[in-house]
Amino acid sequence: MKTIVALSTPSGSGAIGILRLSGPNALSILADCMPQIQSWKPRHAHFSKFIVHQEVLDEVLAFYFPAPHSYTGEDVVEVSFHGSPYILETALSTVLSKGASLAKAGEFTQRAFFNGKLDLSQAEAVGDLIASESASSHRLAFRQMKGSISKRLHLLRGQLIDFAALIELELDFVEEDVEFAQRTALLKLLADLQAEIQRMLSTFKLGKAIKDGIPLVLAGAPNAGKSTLLNRILEEERAIVTDIPGTTRDTIEEKFKLGDHVFRLIDTAGLHESMDTVEKLGIQKTWDKIKEAQIVLHLIDPQATESTEAEHLASALREHAHDAHILTVLTKADQWQQAWDATWPDALKVGDGLTLEPLEKRLNRCMEESGWGSQSEDVLIANLRHAEALQATLAALSKAQMGLETATSGELVAYDLREALQHLGSITGEIVADDLLSSVFSRFCIGK
């Protein structure tokens, strides 16, 4: 096994930069560069000069983590330099010249997976943890990295393996017509597994929203004030604002952080009947975004909109947004009287001179009502690959259940159970293809 090396800190100047090596020759490669260290004590800081061509490049601190008690499961050495680009580039070139190989993206974590330090879902969570932008996405990634999904899947898979083994055993005694697996118990297990997987899949919309940014759609009639509110929330002139209806023809998406969450704010084309080809495409895209939304802000300009028109649009939004939170927002509230308060008593109000604090509080309350709490220990599915594997597992279990109910051949039931086990195993990497590993780890940064 070759020894790999990479910079594990971002490029550019900084207070420190860390060079990480992993592999059987990590210490011998560094021996000439750090001759002051005669004996490497595990998990202790070693101070030394770093020598290149018989000259001192820098004074460093080095840490040694012997196999198997390291991140990768191999001998690992991390050397902290001053964060000069020249120092780091020179040190990296020197280590490469002494026999180390430059690590590929995600190769350290990939070795941790191969050496049994992490399963595949935990390894993916490492990448999500690095990319987390909010407290909620950090909690989600950290819980997955510590095995929240792995433990649940191991339990499900273990239950299924026991029965699948009995079905397979029956195939060896097909001429004796022996039943080792009780059909009633197996049907109950399949029903319980399907219910549990369905429950896990039901969390995917929220989990993906927390990981990638909660989709928050601004919707309403043309010129209702959507782009104005977008600019106010982002505190920049991101969208063009005019008095001409239909200015926005396409969606505009930007992220903003509020409390523990990152929202993906989406400005959309005004919803109305239009004969303009381009505007119709924009309106269709608006409805598509509304279907994906976690929260929809229905913006209404009381000066320009009849109450019946607003109610008709509110009904259409409820039909398209499914289980999303729909909040009514009365815009340009500094320009109209309070007569609409009776029609929309729970509506939020925005306008010049009015603070956005009530809106911000309502958004945070929506997330609390969605079931995402800082103390929640439940499993949330946030990875599309995991969701697809669970869907495939569900389909295989359904076929196995149908086979048992219709007394189908044991060979076909056994095949369906094997397929279900394979899909479940693909999530944690118990059953995995090389092309899947390449896809997963290629998205990591170099040095991790």
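Note that these values count all heavy atoms, side chains included, but never hydrogens, waters or copies made by symmetry.
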Any donor-acceptor N/O pair, Ser136 side chain to Asp260 backbone, under 3.5 Å: yes
Polar side chain donor-acceptor pair, Ser227 to Asp267, under 3.5 angstrom: yes
Side chains of Glu360 and Asn364, donor plus acceptor under 3.5 Å: no
Between NZ on residue Lys349 and OG1 on residue Thr331, distance to nearest 0.5 Å: 12.0 Å
Side chain to side chain contact (heavy atoms under 4.5 Å, CB included) evaluation trace for Leu102 with Ile4: CA-CA 6 Å; Leu102 188 63; Ile4 55 173; over 6 Å; no
Between CD on residue Gln391 and CG on residue Leu384, distance to nearest 0.5 Å: 10.5 Å
Thr203 side chain vs Gly207 backbone, donor-acceptor pair below 3.5 Å: no
Which atom of Ala125 lies closest to which atom of Ala141, heavy atoms considered: CB-O, 3.5 Å
From CG (Leu118) to CZ (Arg111), nearest 0.5 Å: 14.5 Å
His82 atom NE2, neighbour heavy-atom count above 12 within 6.0 Å: no
N/O donor-acceptor pair under 3.5 Å between Asn115 side chain and Lys117 backbone: no
Whether Lys226 side chain and Ala221 backbone form a donor-acceptor pair below 3.5 Å: yes
Parallel, tilted or perpendicular: ring planes of Phe142 versus His138, cut at 30 and 60 degrees: parallel
Pair Glu254 + Arg264: basic N to acidic O under 4.0 Å: no
Test item: side-chain donor near acceptor, His261 and Ser134, under 3.5 Å: no
His320 side chain to Ala316 backbone, donor-acceptor under 3.5 Å: yes
NZ/Lys205: more than 12 non-hydrogen atoms of other groups inside 6.0 Å: yes
Criterion salt bridge (charged side-chain N to carboxylate O under 4.0 Å, His left out) on Lys399 and Glu419, from CA distance to verdict: CA-CA 10 Å; Lys399 287 192 291 184; Glu419 188 176 10; 3.6 Å; yes
Phe63 six-ring face occupied by Arg43 cation (under 6.0 Å, within 45°): no
Sub-4.5 Å side-chain heavy-atom contact between Ile381 and Ile149: yes
Atom pair NZ/CG of Lys208 and Leu140 - distance to nearest 0.5 Å: 12.5 Å
Cys366 backbone acceptor or donor facing His325 side chain under 3.5 Å: yes
Test side chain to side chain contact (heavy atoms under 4.5 Å, CB included) applied to Arg362 and Leu327, step by step: CA-CA 9 Å; Arg362 185 73 69 86; Leu327 307 180; 3.4 Å; yes
Heavy-atom donor-acceptor pair, Arg157 side chain to Leu421 backbone, under 3.5 Å: yes
Whether over 12 other heavy atoms sit under 6.0 Å from Lys104 NZ: no
Test: Lys257 and Glu133 ion pair at under 4.0 Å: no
Donor-acceptor contact below 3.5 Å, side chain Gln122 vs main chain Met145: yes
Modelled atom types, side-chain donor and acceptor of Ser150 and Thr428, under 3.5 Å: no
Nearest-0.5 Å distance that lies between atom CG in Leu193 and atom OG1 in Thr393: 10.0 Å
Side chain to side chain contact (heavy atoms under 4.5 Å, CB included) assessment of Met367 paired with Phe263: CA-CA 11 Å; Met367 291 310 299; Phe263 290 86; 4.2 Å; yes
Short side-chain donor-acceptor distance under 3.5 Å, Gln401 and Gln194: yes
Under 3.5 Å: donor-acceptor pair, side chain of Thr286, backbone of Ala269: yes
Main-chain N/O of Ala395 paired to Ser398 side chain as donor or acceptor, under 3.5 Å: no
Distance (rounded to the nearest 0.5 Å) between Arg385 CZ and Ser121 OG: 8.0 Å
Polar contact flag, side-chain donor to acceptor under 3.5 angstrom, Ser22-Tyr71: no
